**Student:** 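Before anything else, here's the structure in question.
All values reported here derive from a predicted model rather than from experimental measurement. Here is the naming used below: chain letters follow the sequence lines, and residue numbers restart at 1 for every chain.
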Protein chains: 2
Amino acid sequence: MQHYVDRIVRDSKLPYYYQLYVILRHKIRRGEWQPGDMIPPESELVERYGVSRVTARQALEALANEGLIERHRGKGTFVAYPTIEQALTRIISFTEDMRQRGAVPSTRVLSASLVPAPEDIAGKLGIDPGDELVRLERLRLADGEPMTVEESYLVHQFCPGLLELDYRSGSLRELLEVRYDLRWVRAKQVIRAINAPRALAAILSVKPNAALLFIERVSFNQQDIPGEYLRLYHRGDRYSLYNELRG
Amino acid sequence: MQHYVDRIVRDSKLPYYYQLYVILRHKIRRGEWQPGDMIPPESELVERYGVSRVTARQALEALANEGLIERHRGKGTFVAYPTIEQALTRIISFTEDMRQRGAVPSTRVLSASLVPAPEDIAGKLGIDPGDELVRLERLRLADGEPMTVEESYLVHQFCPGLLELDYRSGSLRELLEVRYDLRWVRAKQVIRAINAPRALAAILSVKPNAALLFIERVSFNQQDIPGEYLRLYHRGDRYSLYNELRG
DNA sequence: TAGTGGTCTAGACCACAAA
DNA sequence: TTGTGGTCTAGACCACTAA
């Protein structure tokens, strides 16, 4: 972030279109351009950043593909309003997720400890069984009502000493980025429906055997190395996923 | 399908890159090019179809974005091996879905009738309550074992007389395309976990209250008009969805 | 060295929206 | 009529792979 500059670096190894993509994405993410705002037309980007129109369009196309902007011939290019659909294509935090659904999020830490990696999780993370993992179990609430139990396993090597920090009050995601320069850039997940075991049912305030939306996710860091294994148990009666398909 | 030609139509209203995209996709879908095959290099496509390199690349990029091909600098462009991930971004048939999972699909029609549209479904389809719908209830089996109950509501106006045709033996999807020129180009869906009601449980051979992955889907035709409302009840113990997220 | 895809340019014509 | 994004071209240089 601190290396951010608002211009194309000519002798960079990164392609111009990618540099421009990052610049524009940054302005949207930090709110300099708000949803609904028109962003500068192609002609202006061409002048301002000194690239050809094709190159500018390549950057804009990438943003459009991700749903961050909408383009309208004759009218212009506009910052898109975030939709819940992003929950199924983008890695977003519980906080973001709930805000998009119009609910007030809160969190209770159920347990936090260092554990040796069980065989199955070690396999998914590509580490050796017994390697140190941070296990963090949290209850997520929406408008004060239990919504989701989150069971997270972080490779301790990537965030040594995490449990000594204040992981309870703020966003874990931010903490990992600020203190360890650790971000999840990609993730794979499997979605299933399961019946709630008794213990989980009690925590979520549902009947035993109530249907839960169960998600297992492996997240990859900037070097494309797996760093987190996550289990999400969403209440079936309160949580749903939305997405769009193409033909 | 019968209008397919293996060349760019110059005076078409469709852009060249899109025509080329459809042509190449067609060759992949029908198996003319198999997964792992190298497809002609850009230079050959440029010659063969009489378009510029930029235009050819635009078509290839669209295919790459959808995961149908993989491009490798210095090596070439190759047909990708299909992954289950497509189940969450593309509209695919149960048959395709099961084949990708390595199972043998089969179908039993449970009921088929004309019904007046209930209010809730009419709302989702943008029609008036009472309008005619084709209701088709089918049990889908994988390797002979019940997997999914599919409850489909088709706007009868788009496929008049469908029930007099042979919708039982072949693919419904193909029938709609061939006889009514009807294709679903886009769909919205909501995914939830529910407990199986007794009747559904019996059909799916699971215990009452077993967890099901429940999907509600509205599909849109070529004119972007809703034409089908679908309810999918997947067995939680046998069916899962896979997808990838970006950071 | 030859062939592949990746990036970039300058310039053109078009369709669409708004004034 | 003006300004926007959509499409298309010919040509260039580069990086990577394999022979």
**Student:** Listed by chain and number, what are the ring pair (Phe, Tyr, Trp, His ring centres under 6.0 Å) partners of B/Tyr239, not counting sequence neighbours?
**Tutor:**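 For B/Tyr239, the residues satisfying ring pair (Phe, Tyr, Trp, His ring centres under 6.0 Å) (neighbours in sequence not counted) are B/His234.
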**Student:** Which residues satisfy the side-chain contact (heavy atoms from CB on, under 4.5 Å) test with A/Ser152, sequence neighbours excluded?
**Tutor:**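 Listed in chain order: A/Leu136, A/Leu154, A/Glu228, A/Leu230.
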**Student:** Under the rule for side-chain contact (heavy atoms from CB on, under 4.5 Å), what residues qualify as partners of A/Val190, not counting sequence neighbours?
**Tutor:**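 So A/Val190 forms a side-chain contact (heavy atoms from CB on, under 4.5 Å) with A/Arg192, B/Ser240, B/Tyr242.
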**Student:** Just jot down the ring pair (Phe, Tyr, Trp, His ring centres under 6.0 Å) partners of B/Tyr18, sequence neighbours excluded, or say none.
**Tutor:**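 Partners of B/Tyr18 under the ring pair (Phe, Tyr, Trp, His ring centres under 6.0 Å) test: B/Tyr21.
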**Student:** By a strict heavy-atom criterion of less than 4.0 Å, which residues belonging to residues 72-81 of chain B are in contact with DNA chain D?
**Tutor:**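 B/Arg73, B/Gly74, B/Lys75 - these, ordered by number, are the residues of the stretch whose heavy atoms sit under 4.0 Å from the strand.
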**Student:** So, taking the atom named CZ in A/Phe220 and the one named CD1 in A/Ile225, what distance separates them when rounded to the nearest 0.5 Å?
**Tutor:**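 Taking CZ in A/Phe220 and CD1 in A/Ile225, the distance rounds to 10.5 Å.
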**Student:** How close or far is atom P of C/dC16 from atom NZ of B/Lys13, stated in whole angstroms?
**Tutor:**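 Distance check: B/Lys13 NZ to C/dC16 P gives 11 Å.
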**Student:** Taking side-chain contact (heavy atoms from CB on, under 4.5 Å) as the definition, give me every residue that meets it alongside B/Arg29, ordered by chain and number, with sequence neighbours left out.
**Tutor:**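 B/Arg25, B/Arg90.
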**Student:** Can you list everything that forms a side-chain contact (heavy atoms from CB on, under 4.5 Å) with A/Gln58? Sequence neighbours excluded, please.
**Tutor:**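 A/Gln58 satisfies side-chain contact (heavy atoms from CB on, under 4.5 Å) with A/Tyr17 once adjacent residues are dropped.
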**Student:** Measure the spacing between CD of A/Glu150 and CG of A/Leu172 and express it to the nearest 0.5 Å.
**Tutor:**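 These two atoms lie 8.0 Å from each other.
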**Student:** Please list all pairs passing the salt bridge (charged side-chain N to carboxylate O under 4.0 Å, His left out) test where one or both residues lie in residues 9-18 of chain B, with sequence neighbours left out.
**Tutor:**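 Listed once each, the pairs would be none.
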**Student:** Taking only residues two or more places apart in sequence or in another chain, which ones pass side-chain hydrogen bond (donor to acceptor under 3.5 Å, both in side chains) with B/Ser171?
**Tutor:**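 Per chain and number, B/Ser171 pairs via side-chain hydrogen bond (donor to acceptor under 3.5 Å, both in side chains) with no residue.
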**Student:** By a strict heavy-atom criterion of less than 4.0 Å, which residues belonging to residues 54-61 of chain A are in contact with DNA chain D?
**Tutor:**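 A/Arg57 - these, ordered by number, are the residues of the stretch whose heavy atoms sit under 4.0 Å from the strand.
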**Student:** Does the A/Tyr153 side chain pair with the main chain of A/Ala122, one donor and one acceptor, at a distance under 3.5 Å?
**Tutor:**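 Flag not set: sc A/Tyr153 to bb A/Ala122 has no pair under 3.5 Å.
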**Student:** Take A/Tyr229 and A/Glu216, measure what side-chain hydrogen bond (donor to acceptor under 3.5 Å, both in side chains) needs, and give me the verdict at the end.
**Tutor:** CA-CA 7 Å; A/Tyr229 170 69; A/Glu216 285 181 284; 2.6 Å; yes
**Student:** Reading DNA chain D 5' to 3', which nucleotide is the first, and which the last, to come under 4.0 Å of any heavy atom in chain A?
**Tutor:**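 Counting from the 5' end, contacts occupy D/dG3 to D/dT7.
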**Student:** Between residues 36-45 of chain B and DNA chain C, which residues have a heavy-atom gap below 4.0 Å?
**Tutor:**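 Result for residues 36-45 of chain B: B/Pro41, B/Glu42, B/Ser43, sorted by number.
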